[in-house]
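Chain letters run A, B, ... following the sequence lines, proteins first and then strands; every chain starts at 1.
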There are 2 protein chains.
Amino acid sequence: MSSTISDIAKIAGVAKSTVSRYLNGGSVGDKTRKKIEQAIKEAKYTPNPFAQSLKAKKTNIIGTIVPRLDSYASSQTLIGIDEQLKRLNYQMLISNTSQSLEREIESIYSFANQKMAGIILLATEITEQHIEAFEAVKVPVLLIGQEHPEIHSVIHDDFHAGYAMGHYILEKGYRDIAYLGVTERDIAVGVKRKHGFKKAMEEVQQDCHVHYYETEFNIPAAQAKAREIIHDHQPPIFVCATDNIALGVLKAAYAEGLSIPKDLAVTGFGGYEVTEIIHPSLTTAKFFYQEAGETAAKHIVELVNERSVEKLTISKFKIIERESVDINLKHGI
Amino acid sequence: MSSTISDIAKIAGVAKSTVSRYLNGGSVGDKTRKKIEQAIKEAKYTPNPFAQSLKAKKTNIIGTIVPRLDSYASSQTLIGIDEQLKRLNYQMLISNTSQSLEREIESIYSFANQKMAGIILLATEITEQHIEAFEAVKVPVLLIGQEHPEIHSVIHDDFHAGYAMGHYILEKGYRDIAYLGVTERDIAVGVKRKHGFKKAMEEVQQDCHVHYYETEFNIPAAQAKAREIIHDHQPPIFVCATDNIALGVLKAAYAEGLSIPKDLAVTGFGGYEVTEIIHPSLTTAKFFYQEAGETAAKHIVELVNERSVEKLTISKFKIIERESVDINLKHGI
DNA sequence: CTGAAAGCGCTTACAG
DNA sequence: CTGAAAGCGCTTACAG
């Protein structure tokens, strides 16, 4: 069926090693080059990647571990990684773990076994076992979304995004605020965003009430929690640690017959596409997932080639002002 | 670094071929088995997949070609394929073509070159070049989303979904209808859905006006088109060929200050997650992407193993009644 | 510049 | 049941 390097050698009347040299950019005589090129075209030859990898003991594939495929952040990040990797002549192989940390660990070992040149992990939580696996496999690893002192990573600027969001709503006049966050096991989302936000809150002198709540990442959980809070004391604004949580709050608000942003303002973090599709649209801190993915791809390739890369890269963010916050708020100032 | 079959053979004091036989489930003596198992554990051995593939001239990887990563339908389908493939001990390799038909063709050849056991294509349009490529590579191929007489495929029931949707809105009393479709080059979405819908329209005796329009798949294009139509003659309902088009119509409606569903009703096809997040939520014909992906995975594995599979499988659908259609419509009946 | 040979890690007949 | 040998398609020193 498909032709091998030997076929080409035979057709061109040269040795296999010469063909191989040609293929790998080594020096080849002019006439020989012509003959080989002719033969390759004739036989539609294309090298067997397995034989190549077997020799090289390494592939040009970057294994990418992702907790879920059906999230805007994941998709965009993957697109960024994929496109950049293609440009650098690397391939991306995705392993979807369906939010199982156990599967994440397995994937690390499995990628190493498959001789991936490097591994990118779209991280949510870094456990001892992760670190252990990274050390064991001896393959370059890069984290996206979470940082760790021992591992290279590309993160979003969660702290400053939190700070900027806090600043923004204070400036709009809000002084009674519900912050709806997530577990602190997630350093980026659960800790950094909240801390940035807190810092902004602390800088205001007038009396300002902030209540901190915690919920899950999914919409129904956020919706239920919001309903509870609204029944309890109905704050004029919810600052939510993610766009999905904000969507849950919006659903709860509709169910209660509240009008956005008059009765209740809402903000998110993420900049998911859906936030501008809904009506009213959501004010949020947008992260640049695709760009972060591209940076991650560049960095892992550098690491694979044993060049040095800064340990921590911080991707930017932008506050997107939309309709879910009342910008003509009068009260409270 | 990582151990090879020779290491294991040495440690266990047997021949490589015996270890190989053990690994591949051949008959091995009891004592030998023990020794090999012990050695494998000791050396943490795990076979080199490249060497295996080089011999087998085939992998257990199914190449999956997808036009885009950032769409609900794609993600869900991929999740279905991935999970089912894992269960069957196959791996999925994704190639994202960013909606380039050219890249799609390239991916087919590239997958064949990488000795993929089979190829699944999330299809939008099947050209001559596709067929040519399929024939050239001699690798089992399966289409999802579009059908073709020569290729195995799993499709959604576009025709009956269109029919059911038509029936549904007629039943609700609508008689002046704008159908916002897409290019007929997309057989499933552009032709089948419309034809099913038309059939429902033809079955009604009373005078009923249906206008057929065409737009692009993306939200802004649909929004612009809807704006135009509304200015022109403002129909009481838009039946949209996809959920995204429906979202575009909703945006246009908000911009015009129309209230949904009182002033304008809207329906979609797809059952995207966002359709139940928005407010009012969207009435739509839901397809089962994940399930279709699972079926596709099962079928391609059957084909890889040279078992016979029905050429065409039709996945089901369900009309989801939500808030974007006025179910108490009085006029027009 | 070019070629013969060895070897990457595995599997598969073939003997024994 | 077990082992020696050949070979999958490629690359890499090493000679010439």
Quiz item: With nearest nucleotides of DNA chain D determined for A:P47 and B:K55 from heavy-atom distances, which residue corresponds to the more 5′ nucleotide?
Solution: B:K55
Quiz item: Applying ring-ring contact (aromatic ring centres under 6.0 Å, His included), which residue pairs with at least one partner in residues 23-78 of chain A are found, sequence neighbours left out?
Solution: A:F50-B:F50, A:Y72-A:Y272
Exercise. Kindly indicate whether the side chain of B:L69, heavy atoms from C-beta on, has any atom under 4.5 Å from the side chain of B:I94.
Key: yes
Self-check item: Sorted by number, the residues of residues 11-24 of chain B with heavy-atom contact under 4.0 Å to DNA chain C
Solution: B:K16, B:S17, B:S20, B:N24
Practice problem: Supply the atom-to-atom distance B:E104 CD to B:S95 OG, rounded to the nearest 0.5 angstrom. | Solution: 9.0 Å
Quiz item: In residues 30-38 of chain A, which residues come under 4.0 Å of DNA chain C by heavy atom?
Solution: A:T32
Exercise. Kindly say whether the aromatic ring centers of A:H156 and A:F288 come within a distance under 6.0 Å.
Key: no
Self-check item: Salt bridge present between A:K35 and A:E42 (N-O < 4.0 angstrom)
Solution: no
Quiz item: Just by distance, with hydrogens left out, do A:Q114 and B:Q91 show a side-chain donor and acceptor under 3.5 Å apart?
Solution: yes
Quiz item: What stems, by residue range, does DNA chain C take part in, given at least 3 consecutive Watson-Crick or G-U pairs under 3.5 Å?
Solution: C:1-3 with D:14-16, C:5-12 with D:5-12, C:14-16 with D:1-3
Quiz item: How far apart are the C-alpha atoms of A:Y90 and A:Q84, what are their side-chain angles, what is the distance that settles it, and do they pass the side chain to side chain donor-acceptor pair (under 3.5 Å) test?
Solution: CA-CA 9 Å; A:Y90 278 74; A:Q84 187 60 43; over 6 Å; no
Quiz item: Given A:Q146 and A:D186, is the side chain to side chain donor-acceptor pair (under 3.5 Å) satisfied, shown in steps?
Solution: CA-CA 8 Å; A:Q146 300 284 350; A:D186 187 322; 2.7 Å; yes
Self-check item: Criterion side-chain contact (heavy atoms from CB on, under 4.5 Å) against B:M116, the qualifying member of B:L93, B:N60, B:T64, B:I108
Solution: B:L93
Quiz item: At what distance, to the nearest 0.5 angstrom, does CD1 of A:I65 lie from OG of A:S110?
Solution: 8.5 Å
Self-check item: Pairwise salt bridge (charged side-chain N to carboxylate O under 4.0 Å, His left out) hits with a residue in residues 90-102 of chain B, at least two apart
Solution: none
Self-check item: Heavy-atom contact window of chain B on DNA chain D, given 5' to 3' at under 4.0 Å
Solution: D:dC1 to D:dG9
Quiz item: Does a side-chain N-to-carboxylate-O contact under 4.0 Å join A:E150 and A:K311?
Solution: no
